[in-house]
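Predicted model, so just to flag it, every value in this text is computed and none were measured. Chain letters run A, B, ... following the sequence lines, proteins first and then strands; every chain starts at 1.
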Protein chains: 2
Amino acid sequence: MARRSDHSRDEIREMALSAVEELVSKKGYEGLSARKVAAAIGYTVGTLYLVFENLDDLVVQVNARTLDRLNLQMMEAVGEIGDDRQRLMSLGQSYIRFAEEDPHLWEMVFKHRVPRNGQLPAWYQEKVSRMFAQVERCLKPIAGHKTPGEIAQAARALWGGVHGICILAVTGKLGGVGVESVPDLAESLLINYLDGFTGSRNP
Amino acid sequence: MARRSDHSRDEIREMALSAVEELVSKKGYEGLSARKVAAAIGYTVGTLYLVFENLDDLVVQVNARTLDRLNLQMMEAVGEIGDDRQRLMSLGQSYIRFAEEDPHLWEMVFKHRVPRNGQLPAWYQEKVSRMFAQVERCLKPIAGHKTPGEIAQAARALWGGVHGICILAVTGKLGGVGVESVPDLAESLLINYLDGFTGSRNP
DNA sequence: ACCTGAACACCGTTCAAGT
DNA sequence: ACCTGAACACCGTTCAAGT
């Protein structure tokens, strides 16, 4: 063997990312290993280290694609809707649907702690910011006289909230007898928060 | 060697749990290994498997202790306070303080997915329920005519929310320039939700 | 230049063998 | 009865050697 060049560097990269997505999707983050990825794409482990820094790097790249897909799905969810409040509800339901459709891949985004330095690259942070920007955009029309800073804070509080409900559900820690559906809990959070935020009950 | 009996089974159990707490607290969940735990308590790996089912079991036992400490701290936080709303704020701040004081140990509770069956033992679930019960108890006096079901739902939505904010902060995914402090975000969430929940702005 | 194969230092888990 | 030590089947990462 050696010197095959069956695939370009970019092709190998793409194959590896897809392989990780399939592996994690089916077996979860814990079931992932560099050797399994290599086997899945028909190369040796060593080859993976020519294309990626290490396994952490590979995971960050996959998480980036997951965030892109999530952002796209959330954008599509608000596309047609006219009512301001309904747009936020739809955004929330879209987030939940994403987490439920591929829980393992979604979980990996938040399970993964950065290797040493503790800081994710700027281009990655930007993808996270883009998600919050969508929430802020939906929040703006109903925010009245709130400052941009207050809207940014509300978006983070609200989305942290929706996210936390999903996490507790996925890890089986809602601790009830199952009466609480995730969409219902998120709706409760959104409605009550927005009532408070906009003061809509006292016009 | 062999047949030392320096320690009873329960003593070994206690030593192992403490060793895990110290390891995870310092190096995080990823830095944990059965071999390191064994070395820390001066026994062989094999001994660990006489006391615990496997590493997953050991983690669940430690998580149980973490939940107990969290429940205790939350109980103490509301002890003296008279004002209903302030009690809930204090409960939230107490949760955040716990997560910030030992992020790795707190994270492990929610990072850990159950081994095969996907179901945590009942005595463990009970500890989670006890936490929600504390929130419900604080919620009750300000809930007006809400049903117990509605209060249970509110407790889960609210605490999922506080939890999500902590997770995003700890994993560095709040995506801002750091203006948003976790206590501020949680306060925003609690105040606005409670305003909506109680309809307090239109008496 | 590209890729391999073997090596190194680690894992979790099991279990015959020692005292 | 209690604990060990070695074994098994895995890891992530590196890098001299092959084509």
Q: Salt bridge or not for B:K140 and B:E136, using N-O below 4.0 Å?
A: no
Q: Can any side-chain N or O of B:S90 pair as donor or acceptor with the backbone N or O of B:A77 at less than 3.5 Å?
A: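 Side chain of B:S90 to backbone of B:A77, a donor-acceptor pair under 3.5 Å: yes, one is there.
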Q: Could you tell me the separation between the CD1 atom of B:I41 and the C1' atom of D:dT4, rounded to a whole number of Å?
A: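 Rounding to the nearest Å, CD1 of B:I41 and C1' of D:dT4 are 14 Å apart.
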Q: C:dC3 P sits how many Å from A:R9 CZ, rounded?
A: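 Rounded to whole Å, this separation is 10 Å.
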Q: Take atom CG of B:L48 and atom P of D:dT4, then tell me their distance rounded to the nearest Å.
A: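 For the pair B:L48 CG and D:dT4 P, the rounded distance is 11 Å.
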Q: Would you say A:E22 and A:K27 make side-chain contact, with heavy atoms under 4.5 Å?
A: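 Side chain of A:E22 against side chain of A:K27, heavy atoms only: no contact under 4.5 Å found.
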Q: Return yes if some donor-acceptor pair links the side-chain N/O of A:Q134 with the main-chain N/O of A:N71 below 3.5 Å, else return no.
A: yes
Q: Are A:N54 and A:L48 close enough that some pair of their side-chain heavy atoms sits under 4.5 Å apart?
A: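 With C-beta onward as the side chain, the pair stays apart.
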Q: For each nucleotide in nucleotides 11-16 of chain D, reading 5' to 3', give B when a protein heavy atom comes within less than 4.0 Å of its base, S when such contact involves only the sugar-phosphate, and - otherwise.
A: BBBBB-
Q: For A:Y43 and C:dT4, what is the distance between atoms OH and P respectively, to the nearest whole Å?
A: 7 Å
Q: Looking at CZ of B:F110 and NE2 of B:H163, how far apart are the two atoms once the value is rounded to the nearest 0.5 Å?
A: 4.5 Å
Q: Under 4.0 Å between a side-chain nitrogen and a carboxylate oxygen: does that hold for B:R97 and B:E101?
A: no
Q: Dot-bracket, DNA chain D: Watson-Crick or G-U, under 3.5 angstrom, [ ] crossing, | other strand?
A: ||.|||||...|||||.||
Q: Tell me whether B:R65 contacts the main-chain N or O of B:Q61 through its side chain, where contact means a donor paired with an acceptor under 3.5 Å.
A: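 Between the backbone of B:Q61 and the side chain of B:R65 there is no qualifying donor-acceptor contact (under 3.5 Å).
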